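Take a look at the structure below.
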Amino acid sequence: MSYRFACFSLCAFAALVTQTSAWGALKVPQVTVEQRVMPLGLDATQPRFSWIATSPVRGARQTAYQVLVGTDTNALRKAQANVWDSGKVDSAENVLVPYGGPALSPRTRYFVRVLLWDERGGVATSPVSWFETGLMTSDPSAWKAQWIGLRPANDNERRPFVGARWVAPAPLLVSGKTKRMAFAKHFDVAPAEKVIAADLFFAGPSNGRPWEPEMEHKIHINETALRPFSSNTADPRRLTVTSFITPGKNRIWIEAPFFTAKGIIASLRLELADGRVRFIQTDKSWVARTTEGKAMPEKWRQDAPEKAPFVPSAELGVFGEVIDAKEPAFAGIDRLLPVAQLRKSFAVGKAVTKARLYATAAGVYEMTINGFAVGPEVLSPGWTDYSRRVLYQTYDVTKLVRRGPNAIAALLADGWYAGRTGMGQHLWGFEKALRAQLILTYADGSEDVITTDGSWRGNTGAIRASDLLDGEEQDMRLDTPNWNTPGFDDQKWRAVFVPPVGIPRIEAATAPSAKEIEVLRARAVTSPEPGVQIFDLAQNMVGVIRLRFVAPRGTRVTIRYGEMLDKNGKLFTDNLRTARVVDEYIAGGRVQEVFQPKFSFHGF
């Protein structure tokens, strides 16, 4: 019995040796640098290399490695490195092995090859891979490019709070026991003023304890009560009230918690069918009253606003003025501007061998060259603490640049920098800005640099507003065909300006950017009421929609998002509380309309 067992073990070992000899021990299919495959634009001064050794043989292992880094691929294939050779290192380490050679040069492509030894002394080599360094500095002053942005041109582009006044109850209404304040405003909508969209922008004081009912803001538009909510002056709210505005007389009633020397600010924005925009904003024409109770009297809205206990409001100041030095955010709120379209034309007269675009934003951006996207990434440069740093991306755009006329362009939205986050709005700044430089290397070794500066031109187009949380609005009647291509006439566009962006560091992105990874189709479509369709994707997800449809020019489509239906088969949105989470699209009269938000996303 023992003899047969020993014989079997010996035979098995012989088979193993034969298999190893036939198949080889180790293989190195891929090398990563800073945990990425062939990364473009690294700022790491000592990049780290990783690899996975594979083998069909059980028990095979790495006993030593050698890392070769050079700028000559042919030499690397002969195991020769002109930049760094680690030499043979007796180690099984294969994760984040640091570069140990001389200082790397910026904007340079380096090639990498790894050699491995197994327990039998066999050698395996990886395919030649590469990494390319970026600008190799985080100092913003090292950039040749400037920050650029776009100022609003008219009421269609201005921030809704501009022109509004902070208002509070007159002193005669206030005592040491005052707990709540209320405001009222009557306004008319003429028969000729066809309102196609209405949004109420509001901010008021709070103590940061939203679970207390007396801290709630309560708003009525005519006879419709909006959902109560709690927010402070650093977190303005946008409430869609289109269906509540009627021809003729209209009324707004607002309740809010009272705080000494603090008030509310409100701006009702009416978009009219003829393209005009009208604002009804808080000022001394609004009347106010107060109460010492935890809520206003039950029928307070039935009292005539021109009589006591109503009195004209007291104006604390114009939006944008510092009202309370102890609370800078009190005057520091606004809302979205349309997404900026920025462009510059340039000419190329020689053969380009390499073109690299380095781009970042105080906001989020999408860049194109000659009308083609520079990459598949979305919502670049990503979210960081902008008081400390912002990331930049590097793009290989060699194939996009051509001899003759060219155009470089960008869409620029608020993003996390200037938009709304779960922690408030405009936490880092008000003026979104772009910074980019395109470096062209020619066959003769010379270079040209095209940078963002005052020579760029700007305008707004179809994307009228975009916020990561609130949603995106596209009006395709205002679309600007071919605006990002050569030959487009931008003479009537505005000059850009250089905003004061104080981000102290600009660092290369160290992780892959967000991009489309999967497309899901609707599994079911229901219609709980006329004019409403619900698309069920049978998947809880975070992403955007792509909606294709045909509709007459001017047709408005509103998209809401939810995770479940209520008992009546309608979309359940109560859990969203006061978050708007609405996308809107106005058809431009195309053969086929296609709506996909560019700078917003939702969970649904």
Side-chain angles (χ1 to χ4, degrees), residues 1-134 136 396 508 510-512:
M1 189 73 173
S2 298
Y3 172 79
R4 285 183 300 183
F5 179 78
C7 180
F8 174 79
S9 299
L10 181 61
C11 292
F13 179 74
L16 178 61
V17 171
T18 301
Q19 184 184 37
T20 302
S21 176
W23 287 89
L26 299 181
K27 291 184 179 180
V28 194
Q30 190 175 75
V31 177
T32 63
V33 186
E34 287 298 306
Q35 305 181 74
R36 296 164 63 187
V37 177
M38 292 183 282
L40 185 66
L42 286 183
D43 276 358
T45 56
Q46 285 188 296
R48 298 165 298 174
F49 308 100
S50 304
W51 56 87
I52 296 176
T54 65
S55 173
V57 179
R58 183 176 182 182
R61 59 189 175 88
Q62 169 191 318
T63 60
Y65 69 82
Q66 183 178 7
V67 180
L68 304 173
V69 179
T71 56
D72 185 341
T73 56
N74 292 326
L76 278 186
R77 290 189 178 95
K78 299 176 184 178
Q80 299 171 358
N82 64 343
V83 176
W84 178 58
D85 183 345
S86 70
K88 183 178 179 181
V89 180
D90 293 328
S91 171
E93 185 61 70
N94 69 331
V95 177
L96 301 180
V97 174
Y99 170 80
L104 299 172
S105 300
R107 300 172 38 229
T108 302
R109 179 164 293 192
Y110 293 92
F111 298 93
V112 184
R113 198 174 195 190
V114 172
L115 284 70
L116 299 185
W117 283 262
D118 64 14
E119 74 281 1
R120 300 181 302 109
V123 181
T125 57
S126 73
V128 175
S129 187
W130 58 264
F131 67 94
E132 186 171 308
T133 53
M136 299 290 284
D396 182 352
T510 57

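On a predicted model such as this, the values are computed, not experimentally measured, just so you know.
Residues that satisfy the ring pair (Phe, Tyr, Trp, His ring centres under 6.0 Å) test with Trp84, not counting sequence neighbours, are Tyr99. Thr125 meets the side-chain hydrogen bond (donor to acceptor under 3.5 Å, both in side chains) test with Arg113; sequence neighbours excluded. Among residues two or more places apart in sequence or in another chain, the side-chain contact (heavy atoms from CB on, under 4.5 Å) test is passed with Ala75 by Asp72, Gln80. In terms of the side-chain contact (heavy atoms from CB on, under 4.5 Å) criterion, Gln46 has no residue partners (sequence neighbours excluded). The side-chain contact (heavy atoms from CB on, under 4.5 Å) test applied to Thr510 returns no partner, not counting sequence neighbours. Scanning for side-chain contact (heavy atoms from CB on, under 4.5 Å) contacts around Ala60 gives Leu26, Ser55, Val57, Glu119, with sequence neighbours left out.
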Side-chain polar contacts of residues 62-71 - donor-acceptor pairs under 3.5 angstrom, sequence neighbours left out - could you list them?
from: Gln62; atom 1: OE1; to: Trp51; atom 2: NE1; distance (Å): 3.0
from: Gln62; atom 1: NE2; to: Ser91; atom 2: O; distance (Å): 3.0
from: Gln62; atom 1: NE2; to: Glu93; atom 2: O; distance (Å): 2.9
from: Thr63; atom 1: OG1; to: Trp117; atom 2: O; distance (Å): 3.2
from: Thr63; atom 1: OG1; to: Asp118; atom 2: O; distance (Å): 3.1
from: Gln66; atom 1: NE2; to: Asp85; atom 2: OD1; distance (Å): 2.7
from: Gln66; atom 1: NE2; to: Asp85; atom 2: OD2; distance (Å): 3.1
from: Thr71; atom 1: OG1; to: Asn82; atom 2: ND2; distance (Å): 2.9

Mind listing the side-chain donor-acceptor pairs of residues 100-108 below 3.5 Å, one per line with the distance, residues two or more places apart or on another chain?
from: Arg107; atom 1: NH2; to: Glu447; atom 2: OE1; distance (Å): 3.2
from: Arg107; atom 1: NH2; to: Glu447; atom 2: OE2; distance (Å): 2.5
from: Thr108; atom 1: OG1; to: Pro106; atom 2: O; distance (Å): 2.9

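Shown here is Ile52, whose CD1 atom has no more than 12 heavy atoms of other residues, nucleotides or ligands within 6.0 Å.
Met136 CE to Leu42 CG: the interatomic distance, rounded to the nearest 0.5 Å, is 8.5 Å. Here the OH-CZ distance, from Tyr110 to Phe131, works out to 7.0 Å after rounding to the nearest 0.5 Å. Rounded to the nearest 0.5 angstrom, Gln30 CD and Ser50 OG are separated by 11.0 Å.
Sorted by first then second residue, the salt bridge (charged side-chain N to carboxylate O under 4.0 Å, His left out) pairs that include residues 37-48, not counting sequence neighbours, are Glu34-Arg48. Each salt bridge (charged side-chain N to carboxylate O under 4.0 Å, His left out) pair with one or both residues in residues 122-134, not counting sequence neighbours, appears once here: Arg109-Glu132, Glu132-Arg356.
A donor-acceptor distance shorter than 3.5 angstrom exists from the side chain of Ser126 to the backbone of Val114, with no hydrogens or angles considered.
With Phe111 as reference, Leu76 is the one residue of Asn74, Val83, Leu76 to meet the side chain to side chain contact (heavy atoms under 4.5 Å, CB included) rule.
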